Amino acid sequence: YNTVMLDIRFIRENADLVAEKSKQKGYEVDIQKLLELDNNRRELLTEIEQVRADRNRLSTIVVGEQPSSHKIEEGKKLKSELANLEDQLTSVNDEFLKLLKAVPNMPSDDVPVGISEAENKVTKEQGDKPNFDFKPKTHWEIAEGRGLIDKVRAAKVAGSRFAYIKGDLVKLQFALVQFVFDTLTSEETLKGIIDKTGLQNISPKPFTPVLPPLMIRTEVFDAMDRLEPREERYKVGSEEDNLWLQGSAEHTLGPMYMGEIIDIDELPIRLIGYASSFRREAGTYGKDTEGIIRMHQFDKLEMESFVNSEGGMLEHLFFVAIQEYIMQQLKIPYRVLQKCTADIGKPNARGIDLEAWLPGAGNYLETHTADFMTDYQARRLGIRNKVLNTGGQEHDTKSFPTNFVHTNDATALAPGRAIVAIIENYQKPDGSVEIPEILRTYMHGQTSL
RNA sequence: GGAGGAGUGGCCGAGCGGUUGAAGGCGCUGCUCUCGAAAAGCAGUAUAUGGGAAACCGUAUCGCGAGUUCGAAUCUCGCCUCCUCCGCCA
């Protein structure tokens, strides 16, 4: 796997490839225009730096000596010349950056080319679908009937796509959360997953649990390249507040280290965040309206990691392995999808979805997604790591080259959708629901709800 | 919400208009000395970016962004962050 360095130098040298791959992802980018602006920008920069050098030379005087009026006149001339050039640069640069930021990350070579999610490829099916000797119900038929979910009153209070989750389902959610935290903070468990999957050379370093802020500044949201589409986001407070509700813990975990240079021995940094997430679900009217599948507010356990640029792909595969492990522990049948170019998202190089089988609904439901961003987000956020020298040692503390880190994020578990899958797969003829064995200790031995 | 104080290199800390990318110290690296180590001495020790095959040269960066000035780490304004006191509050 080759690291895709999507900086302007890469684009300069691979203009056709970048245009082609952008198109595959559904983004039309005028690369020719971008390169023109780049040239323009660099010419101006050279000129400006020349004038600045002149200015610096001129304003370097012997201490105590006053500059001559001739020098001051000369300085004034340079000043206005510089102001003029800088104005030009600002406008060229703005346009340049706008176009540069519009270029999506390059898909990894194994991402199938496709124009819609219909072209995602199923790469694996795992787990036995349950056989019922009765007609299985949907999660909604079961939960509503038993008073575990109340959407009517929620609609009264907050509108559609909100719900009151009640009773045993609340306990079940916290059991799920505990189970996931225990899994991801155990080095031993992670080692087991690594061994079983056969991944080589990957650290079993445990995840650090995090409760992140649920709001995020406009600039940071944009730097993550997750602000768009804005109509999907909730803006909060007054204009000056400049804050949005996050749509995933990724949005506030990813920029945690922005602007920082990270020591080699601190990597990988692995975080497992728990947060309520908010989405407007614009344009989904009439879709997934039954039950709690698509809500404006839902809770999610999200994995996020920062690794050096050699380990990004491996970390991505590890994240998927963790997701599969969790589904297997819960004994929920699922399939794995490799997302196609149209579906992986602008900052992504690769994306995987896990979908749980819902016997009541008779279809699959996306429960997990894993995103690999290479250094794309890190470049926008300014997250670097020190680079090892040829001897494998870190360079001395004051002098070191740096690289952009690779970022990965992935759902560890979305309790809402996991609950849907559990209800449908573990239902009994009398409408009760068995509790997955792995969760029982977290529910004081309770075996059904 | 009210009143104050502070943000300088990996860390501590000087500088408050003119060769200051930034004194001094700590740390780190190399060398000298030593059988070795410590100590001491000497030297080196930020990042980004443009140009260059390279050596190297230019430019930017003292929380961030604007402004004043021939010249800004230093002056002015806005923003961010942190600290102290008062008020309010889960």
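None of these values were measured; they are calculated from a predicted model. Residue numbers begin at 1 in each chain, while the letters A, B, ... track the order of the sequences.
- Distances shorter than 4.0 Å separate none of the side-chain N or O atoms of A/Asn56 from OP1 or OP2 on B/G18.
- Between the C1' atom of B/U19 and the CZ atom of A/Arg55 lies a distance of 15 Å, rounded to the nearest Å.
- Between the P atom of B/G71 and the CG atom of A/Leu58 lies a distance of 9 Å, rounded to the nearest Å.
- If you take CD of A/Glu49 and P of B/C57, they are 15 Å apart, rounded to a whole angstrom.
- Taking 4.0 angstrom as the limit, A/Arg217 places a side-chain polar atom (N or O) nearer than this to OP1 or OP2 of B/U81.
- The aromatic rings of A/His296 and A/Phe162 sit tilted, their planes meeting at an angle between 30° and 60°.
- Between A/Glu43 atom CD and B/G50 atom P there is a gap of 14 Å when expressed in whole angstrom units.
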Exercise for the section: Would you sort out whether A/Glu250 and A/Gln377 count as a side chain to side chain donor-acceptor pair (under 3.5 Å), showing the intermediate values? Expected result: CA-CA 12 Å; A/Glu250 182 220 353; A/Gln377 278 179 332; 3.0 Å; yes
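- To the nearest whole angstrom, the two C1' atoms, one in B/A46 and one in B/A22, are 11 Å apart.
- Scanning residues 75-96 of chain A for heavy-atom distances under 4.0 Å to RNA chain B yields A/Gly75, A/Lys76, A/Lys79.
- Atoms CD1 (A/Ile72) and P (B/U68) sit 17 Å apart, rounded to a whole Å.
- Rounded to an integer number of Å, the gap from CZ of A/Arg41 to P of B/U49 is 10 Å.
- Using a 4.0 Å cut-off, some side-chain N or O of A/Arg9 falls inside it from OP1 or OP2 of B/U49.
- The interatomic distance linking A/Leu45 (CG) with B/U59 (C1') rounds to 8 Å, in whole Å.
- Between A/Tyr274 and A/Phe181, the two ring planes are perpendicular [angle over 60°; tilted spans 30° to 60°].
- Residue pairs meeting the salt bridge (charged side-chain N to carboxylate O under 4.0 Å, His left out) criterion with at least one member in residues 202-214 of chain A: none, sequence neighbours excluded.
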Completion exercise
Intra- and inter-strand pairing of RNA chain B, written as dot-bracket with Watson-Crick and G-U pairs under 3.5 Å and | for the latter, reads ((((((((.[[[..)..(.....]]]((((((.......))))))((((((....)))))).[[[[[..)....]]]]])))))))....
